[in-house]
Amino acid sequence: MADPKGFLTTGREVAETRPVGERVKDWNEVYVPGSLLPIISKQAGRCMDCGIPFCHNGCPLGNLIPEWNDYAYREDWSAASERLHATNNFPEFTGRLCPAPCESACVLGINQPAVTIKNVEVSIIDKAWDSGDVTPQPPERLSGKTVAVIGSGPAGLAAAQQLTRAGHTVAVYERADRIGGLLRYGIPEFKMEKSHINRRIEQMRAEGTKFRTETEIGRDVDAAKLRRRYDAVVIAAGATVSRDLPVPGRELNGVHFAMEYLPLANKVQEGDLTVSPITAEGKHVVVIGGGDTGADCVGTAHRQGALSVTQLEIMPRPGEDRNANQPWPTFPMLYKVTSAHEEGGERVYSVSTTHFEGDDDGNVQALHLVEVEFKDGKPAQKPGTERSIPAQLVTLAMGFTGTDQANGLVQQFGLELDERGNVARDADYATNVGGVFVAGDAGRGQSLIVWAIAEGRSAARGVDRFLTGASALPAPIRPTDRSLTV
């Protein structure tokens, strides 16, 4: 145990953010650089090293949280990094992007603020990079087997790194021009600077992983031919089909999916574009959808100089404390204020969009909405509550419905889908096609980054066993595992 009295003597402190007026003028990460290290050892000392650490179950990766908390408390950063990497290929991603179900499951959180697990995690990995503790781990010998990984998001990268280190020759295929999937083009720079992705890719290259960008399986390369070329294939193409809003006026100019809007802003930061073709500058912006993607749109609009930003959510506003029907250690639905929300804008709950209104040139000018209340689990409009708000840019951030079938990948492989439209798989993550496996959102549906990495690691074990007859690789979750909810 780190500090036996730490949870009694030390209060919770989180990372310090830069002033709003400063950070909205740039695209750097919102946190004050170096602000965590002076406080993080004491924060790690708040960990009680519970007899039954529920944080292990809150995180699908099975992170050894009490162990690396103890090392961080003692400032043994090398040992902390080793324990961190024992279960997680990319802690610098999860430490910045994950909503931390581990903290919701923290035993201390029963009656006190939980341990700042995310902050400890990101401090350990950032220190490890700075001190040179993160190095390539090439395999001692090659198996002679080849694997193609389709998709370079967190699931694909995790599977590729595990399989490369197991001795297989792995090539990752990515349809975009850069590696990273949603990490690259779906996550704004102010949430995670892309230098973190770039150095992981260089580590993986040094280990032997090959990368093929601007290659879409199904369009540029026939999936059946790819299967014949490799001994095994891992599909980690994500759930990239955005949920649409089929209301009158949807066709107007200025109404876009979030994943049409966000990647262009990231391409500006990559230096590919001077100005985004879809910009919030000087416009009234409406974001439909109250999740993390919606918050990303809010923060992006602030930095582009929006006149106003309004975020709409059909569900009621969550409470700030756990509801009785969401007891510890389940992941509760709480009112969440992200860094983007701190920067301004209005959040409107319990409303539904009825239609969009445009000008004579076909550009959206207003959004009409109505208040709703839920009856028998379904939203019902409240008469007399209709109103309109100005909107010259609307982004649809209502989640994703499944993997892309328009590119031919599913049909060319001959894959079976489950009842939710995801690629069906067995207990080893294998599809109905011999030697073809699926990991991440393509098989699970839209989920969190920790689930994606856990699936990539678990699918890698299934592939390794398929290729060699046995495997020593870890498999933290089964395809049927789900978050602890009520």
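Quick note: numbers below take in every heavy atom, side chains included, and nothing from hydrogens, waters or symmetry partners. Given the structure is predicted, the values throughout are model-derived calculations rather than measurements.
- Considering every non-hydrogen atom in both S104 and T330, the closest pair reads CB-O, 4.1 Å.
- In this structure, H368 NE2 and E357 CD are separated by 4.0 Å, a value rounded to the nearest 0.5 Å.
- Relative ring orientation between W27 and F190 is described as tilted, the plane-to-plane angle lying within the 30° to 60° band.
- Judged by the 6.0 Å and 45° rule, R199 forms no cation-pi pair with F90.
- Using a cut-off of 4.0 Å between Lys/Arg side-chain N and Asp/Glu carboxylate O, E92 and R200 are scored as salt-bridged.
- For K127, the NZ atom counts as loosely surrounded, since its 6.0 Å shell holds 12 or fewer non-hydrogen atoms of other residues, nucleotides or ligands.
- In this structure, CG in N89 is found 10.5 Å from CG in L84, a value given to the nearest 0.5 Å.
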After noting the C-alpha distance and the side-chain angles of T385 and E371, does the key distance pass the side-chain hydrogen bond (donor to acceptor under 3.5 Å, both in side chains) rule? CA-CA 6 Å; T385 62; E371 294 180 16; 4.8 Å; no
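- Using a cutoff of 4.0 Å between basic side-chain nitrogens and carboxylate oxygens, R175 and D404 are scored as salt-bridged.
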Under the side-chain hydrogen bond (donor to acceptor under 3.5 Å, both in side chains) criterion, do R83 and N88 qualify, and how do the steps go? CA-CA 9 Å; R83 288 288 78 195; N88 187 352; over 6 Å; no
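- Q304 contributes atom CD, which lies 9.5 Å from atom CD1 of I278 (distance to the nearest 0.5 angstrom).
- Taking the ring centre of F437 as origin, the terminal cationic atom of R425 falls outside the region bounded by 6.0 Å and 45° from the ring axis.
- Shown here is K194, whose NZ atom has more than 12 heavy atoms of other residues, nucleotides or ligands within 6.0 Å.
- With hydrogens and angles disregarded, a donor-acceptor distance shorter than 3.5 Å links the side chain of R444 to the backbone of D481.
- Atom CG of L262 and atom OH of Y185 lie 13.0 Å apart (nearest 0.5 Å).
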